[in-house]
Amino acid sequence: MQDEVLLERDGFVAEIVLNRPGKLNAITPPMAAEIERLCRALDRDDGVRAVLIRGAGERAFCAGSDLNALAEYPSAWAFRNRVEYATAVRDMRKPVVAALHGWVLGGGAEMALSADIRVMGRSAKMGFPEVQRGWVGGGGASQMLPRLVGYGQAMKLLLTGDPIDAAEAHRLGIVEYLVDDAKVADEARALARKFAGYSPVAVESVKASVRAALSSTLPAGIRYENEMNTLCFSAGDHMEGIRAFREKRDAEFKQ
């Protein structure tokens, strides 16, 4: 499946490319396994500081799981133990930017939710149609959407299964950047390069702190944040930040 999930690199930025455009980049089990493998490898790679995920072709970022492949699981137990590709993305320590164009559906939308920042083209559409087919999504939509948009809007999206356009996704706060279609990949790359230019210790500490806020009390979260702050200072990158400020130049983090 390596030809259907590609890895491209540019400096400190790695791009995972879903490369099945004829099928709207729908994910098969072998593709899911490759996504998981890449996510784990990139997390361990000190030469990577930020990750971008995008879909090949003009029609879709990702239409979710391949329905024909879903029908081929031999048992519910085998399905339960599948590789969950959205979870693989969500579990990454490094910042992840999703470049969204065309259709962003089902597991593809859950993969987008699992990223940290979403850049969406103006003509793109996002939806969670699982309920229309007889199930609930298994990649985190029912958990992430209420945290992003609140209970009522999450229920509207998940119970109707109807897609929304990019402007509505941006209004609701599901996507952070709304751009012209032709600029999606470039804008996403610019953000990934920006994050990759910062101290990797600081960037990963920001992500860890914010993710901790989703599952902890305020006092516990603040204590955790302070530990991450201390970790950053112990790593020493803060000294380069201070020097760059004093010298009126961009910081160059070597960590």
Side-chain angles (χ1 to χ4, degrees), residues 4-5 16-29 31-32 35 52-71 79 82 84-90 96-185 187-188:
E4 294 187 344
V5 181
I16 297 174
V17 184
L18 309 176
N19 188 39
R20 202 178 175 220
K23 296 293 184 180
L24 302 183
N25 298 316
I27 306 296
T28 63
M31 290 174 68
I35 292 169
L52 184 150
I53 299 180
R54 62 181 177 88
E58 301 291 331
R59 299 167 59 201
F61 165 71
C62 177
S65 297
D66 185 292
L67 297 189
N68 291 323
L70 288 181
F79 176 75
R82 72 196 183 283
E84 219 315 301
Y85 50 91
T87 299
V89 173
R90 188 167 54 251
V96 180
V97 179
L100 308 177
H101 74 284
W103 290 106
V104 185
L105 298 173
E110 289 178 312
M111 188 158 39
L113 293 181
S114 297
D116 302 298
I117 297 289
R118 288 155 287 276
V119 180
M120 196 172 201
R122 297 185 192 281
S123 70
K125 292 188 176 182
M126 174 180 284
F128 303 86
E130 288 90 344
V131 71
Q132 298 176 349
R133 300 189 179 109
W135 60 85
V136 61
S142 67
Q143 305 305 302
M144 297 300 294
L145 274 175
R147 289 169 164 83
L148 284 171
V149 303
Y151 179 86
Q153 292 294 342
M155 290 297 282
K156 177 182 176 181
L157 289 167
L158 295 174
L159 280 180
T160 66
D162 295 335
I164 57 174
D165 61 25
E168 179 68 358
H170 185 253
R171 186 189 72 81
L172 290 173
I174 299 175
V175 298
E176 288 70 43
Y177 294 88
L178 182 63
V179 302
D180 293 341
D181 293 345
K183 296 181 179 179
V184 171
E187 292 287 342

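Side chains are part of it too, since the values below use all heavy atoms of this structure and drop only hydrogens, waters and symmetry mates.
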Hey, does [Y] have a side-chain heavy atom less than 4.5 Å from the side chain of [X]?
X	Y	answer
F79	L70	yes
L113	I174	yes
L67	R133	yes

Give, for atom [atom1] of [X] and atom [atom2] of [Y], the distance between the pair rounded to the nearest 0.5 Å.
X	Y	atom1	atom2	answer
K183	L178	NZ	CG	12.0 Å
F128	K156	CZ	NZ	13.0 Å
R118	M111	CZ	CE	12.5 Å
M126	D165	CE	CG	11.5 Å

Over all heavy atoms of both residues, which pair between [X] and [Y] is shortest? Give the atoms and the distance, please.
X	Y	result
A166	V175	O-CG2, 4.4 Å
A141	P146	O-CD, 3.8 Å
R90	M144	CD-SD, 4.1 Å
S114	G139	OG-O, 4.3 Å
A99	L52	CB-CD2, 4.4 Å
T160	L157	OG1-O, 3.8 Å

Could you go through the side-chain contact (heavy atoms from CB on, under 4.5 Å) check for I16 and V96 one step at a time? CA-CA 10 Å; I16 297 174; V96 180; over 6 Å; no
May I have all residue pairs that pass side-chain hydrogen bond (donor to acceptor under 3.5 Å, both in side chains) and include part of residues 52-67, sequence neighbours excluded? E8-R54, E15-R54, R20-D66, S65-Y85
Does [X] reach the main-chain N or O of [Y] with its side chain, forming a donor-acceptor pair under 3.5 Å?
X	Y	value
E130	G161	no
H101	G57	yes
N19	A56	no
R82	P29	no

Does the side-chain contact (heavy atoms from CB on, under 4.5 Å) test come out yes or no for D162 and Q132, once each step is laid out? CA-CA 9 Å; D162 295 335; Q132 298 176 349; 3.4 Å; yes
Which is it for R122 and D181 under the salt bridge (Lys or Arg N to Asp or Glu O under 4.0 Å) test, yes or no, and what are the steps along the way? CA-CA 6 Å; R122 297 185 192 281; D181 293 345; over 6 Å; no
Stepwise side-chain contact (heavy atoms from CB on, under 4.5 Å) test for I164 and L172: CA-CA 10 Å; I164 57 174; L172 290 173; 4.1 Å; yes
Only counting residues at least two apart or in another chain, list the ones meeting salt bridge (charged side-chain N to carboxylate O under 4.0 Å, His left out) with R171.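 Scan of R171 (salt bridge (charged side-chain N to carboxylate O under 4.0 Å, His left out), adjacent residues dropped) gives E168.
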Pair I53, F61 - check side-chain contact (heavy atoms from CB on, under 4.5 Å), show working. CA-CA 9 Å; I53 299 180; F61 165 71; 3.8 Å; yes
